[in-house]
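To keep things clear, I will list the structure first and then write my remarks on it.
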Amino acid sequence: MFTKVISFSILGIDAIPIEVEVDTKHTSMPYFTMVGLPTNSVKESKDRVTAAIKNNGYKKPARAYTVNLAPADVKKEGVGFDLPIAIGMLSSLRQIYPVILETVGMTGELSLNGEVHPVRGILPITIAAKEKGLEGLIVPEDNANEAAVVEGISIYPVKTLSECIAFVEGREAIEPLSVDISTLFEKELRETIDMFDVKGQYSVKRAMEVAAAGSHNILMIGPPGSGKTMIAKRVPTILPQLTLDEALTTTKIHSVAGKIAREHSLIATRPFRSPHHTISDVALIGGGSYPKPGEVSLAHNGVLFLDELPEFKKSVLEVLRQPLEDGVVTISRAVQSLTFPANFMLVASMNPCPCGYYGSNVEGHTCTCSTTMIQKYVSRISGPLLDRIDIHVEVPAVKYDELSRDPKGERSDIIQERVNTARDAQHRRFAGSKKIYSNADMESKQIREFCQIDEDGKKLMKIAIEKLGLSARAYDRILKVSRTIADLDKSEKITPAYISEAIQYRSLDRKYWV
Ligand SMILES: Nc1ncnc2c1ncn2[C@@H]1O[C@H](COP(=O)(O)OP(=O)(O)OP(=O)(O)O)[C@@H](O)[C@H]1O
Ligand SMILES: [Mg+2]
Ligand SMILES: [Zn+2]
């Protein structure tokens, strides 16, 4: 007897419908075979399904079993096929009589005693189920909140195989779970931290505002304890608020990575990811035999914070180049290559030297590093990576009296408003372009068109290059950042004042560093 159950497989950050077909026959030579490109994680399903069936009072007689996963040309991954295979087998054996398999899909991992455990990627699965026109989707209870974010499809949470059977046979109703997406979005929008916690550090906060306004990557240089990590964590709060669309994409990525907590079904604030410098290439960029998004994708639409940048392995910093340039990561595999979104703002930090106190004003600490040591330390960050970082800012140690005297800083929402204004100007400027969204994205053609400077500006640039010893690569970056500073000031013209502020943001280009 032949049965068909609708389920799903993850491909990148999307899901595709898979028909799980089960056929059982009497035979003198019993066997179990699974066809249709199952990976190991899917093949292991057989043992879990067999145990779950038996432990729930059903039988698995010695027969010929064929499980076919269609379409055959897509690699099937994950543990979510347990539940559809179990239902398909029992139905094919005529031990159960499902009545809704044409209109309801299902996914879920089975434990040996028949509990339904959560799976990764439930958000893209639910979106795919809706797009297929299904009336409903049976999901593990622990995934239900995440699935319910999708409107227009009924979500039926189940805890056990028996519950699922009772439901598909029409013996027990399950109340579909629904959430109001706009209310949820509003609720999750609220940030718990704020820039006003950061006392003093006016120039650093200003640099962060400029970076956020033009989508520029930024590097902070300062001694230990100067507040670099504290400030970096608050960058998402001054970036423009996520739109619902952006929130859904970011949530999809986290969903596929299995990183959505049971109680948080929607990520509505910009993500902040801060991987440790011992991270591997794969963990940073994504991949693996069952490709998962890496940190760069988990930071999509948000901030990737690389603390102590020179400590990261060279190979790891090397793989950052593709996402920094293209906003995506491509993972090549034997069967097909996958693309994960990876459009983030890079915020990096470093000490000025190996001991941490070069040129700093921290009492009781004097730098003991030689010039060679400092040069070696700074040169660990390769030129191509440095080329993608428009702003360098020095973070001085805040003096105690400033910390205790100062009331509070400016609130994030006030800074965010100015950032929004500057972003609006950029949207208008780049409205016709498919590749350029912000000042940071500009290439030489746009720089020539939108960053024109007058004679005074040119003189200033000349002095900066000659006297401060700024490198040639600094030139275009200074122009882009000046454009953003002008946008923050609602000025069409780039004046020498904007240029001179932008010149200050090139610390690492000055000769004494390298
Ligand atoms: N400007 C500031 N306003 C308020 N608190 C601050 C400020 N700077 C530092 N602090 C306090 O000092 C602590 C240490 O700061 P933080 O960890 O951000 O420094 P850091 O520069 O990242 O240091 P490290 O180089 O050791 O990583 C913070 O948790 C915060 O409590
Ligand atoms: Mg830190
Ligand atoms: Zn030192």
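Counting begins at 1 with the first residue of the sequence. First listed ligand is number 1; within each ligand, the first listed atom is number 1.
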Can you name the atoms of ligand 1, numbered from 1 with element, that are less than 4.0 Å from a heavy atom of [X]?
X: G227; result: 8 (N), 9 (C), 15 (O), 16 (P), 18 (O), 19 (O), 20 (P), 21 (O)
X: V198; result: 1 (N), 3 (N)
X: Q201; result: 1 (N)
X: K199; result: 1 (N), 2 (C), 3 (N), 4 (C)
X: M230; result: 4 (C), 5 (N), 6 (C), 7 (C), 10 (N), 18 (O), 30 (C)
X: D197; result: 3 (N), 4 (C)

Report yes or no: does S226 have a heavy atom closer than 4.0 Å to ligand 1? yes

For the backbone of [Y] and the side chain of [X], can you confirm whether one donor and one acceptor N or O come within less than 3.5 Å of each other?
X: K228; Y: G222; answer: yes
X: Q416; Y: L239; answer: yes
X: N439; Y: G214; answer: no
X: R273; Y: S297; answer: no

Should the pair F450 and F430 be assigned to parallel (<30°), tilted (30 to 60°) or perpendicular (>60°) ring geometry? perpendicular

Within the structure, does at least one protein heavy atom fall under 4.0 Å of [atom]?
atom: atom 23 (O) of ligand 1; answer: yes
atom: atom 29 (O) of ligand 1; answer: no
atom: atom 7 (C) of ligand 1; answer: yes

K228 to ligand 1: N or O pair under 3.5 Å?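 Looking only at distances, the answer is yes, because the N/O contact criterion of under 3.5 Å is met.
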
query = For G225 and ligand 1, does the shortest N/O to N/O distance drop below 3.5 Å?
reply = yes

Decide if atom NZ of K159 counts as having more than 12 heavy atoms of other residues, nucleotides or ligands within a radius under 6.0 Å.
no

Quick check on E417: does its CD atom have over 12 non-hydrogen neighbours (other residues, nucleotides or ligands) under 6.0 Å away?
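No - once you tally the heavy atoms of other residues, nucleotides and ligands closer than 6.0 Å, there are 12 at most.
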
Flag the pair [X] and [Y] as a salt bridge only when some basic side-chain nitrogen lies within less than 4.0 angstrom of an acidic carboxylate oxygen.
X: E410; Y: K205; answer: no
X: R483; Y: D487; answer: yes
X: R321; Y: E325; answer: no

The number of protein N, O or S atoms lying under 2.8 Å from the Mg ion (ligand 2) is 1

task: Could you tell me the angle subtended at the Zn ion (ligand 3) by SG of C369 and SG of C353, rounded to 10°?
output: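 The two atoms subtend 110° at the Zn ion (ligand 3).
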
### Message
For atom 27 (O) of ligand 1, what's the nearest protein heavy-atom neighbour? Residue, atom name and distance, please.
### Response
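Going atom by atom, the protein heavy atom closest to atom 27 (O) of ligand 1 ends up being T229 OG1, 4.0 Å.
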
Separation between NZ (K292) and NZ (K259), nearest 0.5 Å, reads 6.0 Å

